[in-house]
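Okay, so here's the structure we're looking at.
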Amino acid sequence: MSFFKSLILFTLPMYYSFHTRYKGITGIFAWLTKYLIPCFFIALCCEDFSLLLFVLGLFYVYEFYEMGYIQNDCETIKKELHPTMRLSPAELIAYEKWKYLIIIIRIAETAILASCLYMLGVRWQLLVFYAFTYVIFVFYNTIRNGFCLVVHVVLMMMRYTAPVYLSANVESFWIAVLLFLTYPLTLYVERAVKGKFGYRSKLLTKFVLSSYEGRYVFRIKYYCALTFLLIAAVCSAGAPFMSLVPVLVLLASSVMTYKNEKLQYNK
C-alpha cells in the first residue's frame with residue numbers, strides 16, 4: 001500500500017469511518033438516516049444554530065472517534081483471540097509503518113479544528129469535554145463484557161450531541177434526551193437482547209423485544225409511538241415542530257429497511 005493511500009485512509013477526516021463502518025450505499029443510507037439527519041434537524045431547533053459550526057463540530061468529534069476506531073482495529077486486535085478484522089493485511093502493515101506520522105497528523109487536525117471552533121465563539125469547556133471522547137473510546141476498547149453496552153451508549157451520546165451543542169454553543173438536557181430517543185436507545189435495546197459482549201437482558205427480552213430477529217418490527221412500533229409522543233409535545237408543550245422530522249425519517253427508513261433486506265445495516 002502506497003504512502004499516499006495510507007495517509008488518505010488513516011488521516012483524511014471521516015474517510016476511515018466510511019471505509020470500515022459505513023461501507024457502500026447501504027452504509028451511507030444508515031449513517032444519514034440514523035445519525036446526520038437526526039443531529040442536523042435537532043440542531044436546527046437551537047436558536048443560535050450555525051451550519052459552519054455544525055460541520056466543524058461533526059469533523060471535530062469524528063477525529064476522536066476515528067482515533068478510537070483506529071486504535072481498536074490496529075492495536076486492540078493484537079490482544080484478542082478472535083478479533084473482528086476490518087482492515088486488510090496490507091492496510092495493517094501500512095499502519096504499522098506510518099503509525100507515528102498518522103498520530104501526529106491526527107493531533108494536528110484536531111488542534112486546527114479546535115482552534116477554528118474556539119475562534120468562532122465555541123467555549124473551551126465544550127471542546128475539552130468532547131476531547132474526552134477518545135479517552136472513553138480507549139476504555140471501551142479495553143473491556144469486553146456487558147458493561148461495554150453502557151460505555152457504547154456514552155460514546156454514542158458524545159457523537160450525537162457534539163455537532164448539535166457545538167453548532168449553537170449550548171448544552172441542553174432536553175436536546176440530549178431527544179437525541180438519545182432517536183437512535184441510541186433502540187440500538188442499546190437491540191444489542192442487549194442480542195447478547196452482545198456476552199450480556200443478554202432478560203428484562204428487555206421479556207417486556208420489550210422478545211428476539212433480535214424482530215428488531216425491525218420493534219423499530220417501526222417504537223418510532224410510531226415516539227412520533228405520537230412528539231406530536232403531543234408539539235401541540236401541548238410548544239416543542240419545536242422541527243424535532244418531528246428526524247423521528248419521521250427514522251420511521252420511514254425503518255419501514256423501508258423492514259421491506260427491503262438490501263437496506264438492512266446493523267450499526
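Just so you know, these numbers come straight off a predicted model, no measurement behind them.
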Could you tabulate the donor-acceptor pairs under 3.5 Å formed by side-chain atoms of residues 171-178, not counting sequence neighbours?
from	atom 1	to	atom 2	distance (Å)
E171	OE2	R123	NH1	2.9
E171	OE2	R123	NH2	2.2
S172	OG	W174	N	3.4
S172	OG	I175	N	3.2

A cation-pi test, strictly: NZ or CZ of R215 under 6.0 Å from the centre of the six-membered ring of Y212 and no more than 45 degrees from its axis. Yes or no?
yes

Check whether the side chains of D73 and Y16 place a donor and an acceptor atom closer than 3.5 Å, and report yes or no.
yes

Flag yes if L185 and F228 sit in one hydrophobic cluster, no otherwise; membership is Ile, Leu, Val, Met, Phe, Trp, Tyr, and two members link when side-chain heavy atoms are under 4.5 Å apart.
no

For residues 98-108, dump all side-chain donor-acceptor pairs below 3.5 Å to protein atoms at least two apart in sequence or in another chain.
from	atom 1	to	atom 2	distance (Å)
K99	NZ	E75	OE2	3.3
K99	NZ	E96	OE1	3.4
R106	NE	F10	O	2.9
R106	NH1	E63	OE1	3.0
R106	NH1	E66	OE1	3.0
R106	NH2	F10	O	3.1
R106	NH2	E66	OE1	2.9

Which is it for V151 and F139 under the side chain to side chain contact (heavy atoms under 4.5 Å, CB included) test, yes or no, and what are the steps along the way?
CA-CA 8 Å; V151 179; F139 175 65; 3.8 Å; yes

Should V247 and L181 be marked as a side chain to side chain contact (heavy atoms under 4.5 Å, CB included) after you check the CA-CA gap, both sets of side-chain angles, and the distance that decides it?
CA-CA 9 Å; V247 179; L181 292 175; over 6 Å; no

State, yes or no, whether a side-chain contact exists between P13 and E109 at a heavy-atom distance under 4.5 Å.
yes

Would you tell me whether T161 and Y130 have side-chain atoms, one donor and one acceptor, within less than 3.5 Å of each other?
yes

So, taking the atom named CG in L155 and the one named OH in Y134, what distance separates them when rounded to the nearest 0.5 Å?
12.5 Å

I would like to know whether E91 and K5 meet salt bridge (charged side-chain N to carboxylate O under 4.0 Å, His left out); could you show each step before the answer?
CA-CA 9 Å; E91 289 168 339; K5 287 183 178 180; over 6 Å; no

Taking all atoms of both residues into account, what is the closest heavy-atom pair of V170 and C46, and its distance?
CG2-SG, 4.4 Å

Could you pull out the closest heavy-atom pair between S210 and R200, with the gap in Å?
O-NH2, 3.8 Å

Under 4.5 Å between side-chain heavy atoms, counting indirect links through other Ile/Leu/Val/Met/Phe/Trp/Tyr residues: same cluster for M119 and L113 or not?
no

Within 45° of the axis and under 6.0 Å from the centre of the six-membered ring of Y258, does NZ or CZ of R219 qualify?
no

Check whether more than 12 heavy atoms from other residues, nucleotides or ligands sit under 6.0 Å from atom CZ of F18, and answer yes or no.
yes

Heavy-atom distance under 4.5 Å between the side chains of I42 and T182, does that happen here?
yes

Hey, mind stepping through S17 and Y65 against side chain to side chain contact (heavy atoms under 4.5 Å, CB included) and telling me if it holds?
CA-CA 9 Å; S17 296; Y65 236 80; 5.8 Å; no

With no hydrogens and no angle check, is any side-chain donor or acceptor of D48 less than 3.5 Å from a backbone partner on N169?
no

From L120 CG over to S167 OG, what is the distance, rounded to the nearest 0.5 angstrom?
12.5 Å

Gap separating the CG atom of L56 from the OG atom of S50, nearest 0.5 angstrom
8.0 Å

For the residue pair F40 and F49, establish whether any side-chain heavy-atom pair is separated by less than 4.5 Å.
yes

Going by heavy atoms in the side chains, are M67 and T110 under 4.5 Å from each other?
yes

Measure the shortest side-chain to side-chain distance between V193 and S211 over non-hydrogen atoms and say whether it is less than 4.5 angstrom.
no

Do the side chains of I112 and L126 join up, straight or via other hydrophobic residues, at under 4.5 Å, putting them in one cluster?
no

Taking the six-membered ring for Trp, are F64 and F137 closer than 6.0 Å centroid to centroid?
no

Hydrophobic cluster membership, F3 vs I8, 4.5 Å side-chain cutoff:
yes

What's the spacing between M242 CE and L44 CG if we round to 0.5 Å?
5.5 Å

Is any side-chain heavy atom of H19 closer than 4.5 Å to one of Y69?
no

Heavy-atom check, side chain of L53 versus side chain of Y165, under 4.5 Å
no

Chi angles and distances behind the side chain to side chain contact (heavy atoms under 4.5 Å, CB included) call for F4, L9:
CA-CA 9 Å; F4 182 69; L9 173 60; over 6 Å; no

Search all heavy atoms of Y60 against all heavy atoms of A114 and return the closest pair with its distance.
CE1-CB, 3.8 Å

Distance col, row N72:CG vs T84:OG1, nearest 0.5 angstrom, shows 8.0 Å

For residues C224 and L251, report the shortest heavy-atom separation together with the two atoms involved.
SG-CD1, 3.8 Å

Is L12 reachable from L92 through a run of I, L, V, M, F, W or Y residues, each pair having side-chain heavy atoms under 4.5 Å apart?
yes

Step through it carefully: locate the ring centre of Y183, locate the ring centre of Y35, and say whether they are under 6.0 Å apart.
no

For V234 and P240, work out which heavy atoms get closest and say how close.
CG2-O, 3.8 Å

Would you find more than 12 non-hydrogen atoms of other residues, nucleotides or ligands less than 6.0 Å from K206 atom NZ?
no

Say you draw a straight line from SG of C45 to CZ of F241; how long is it, rounded to the nearest 0.5 Å?
10.5 Å

Is any side-chain heavy atom of S253 closer than 4.5 Å to a side-chain heavy atom of F29?
yes

Closest non-hydrogen atom pair between I37 and P246, with its separation:
O-CB, 4.4 Å

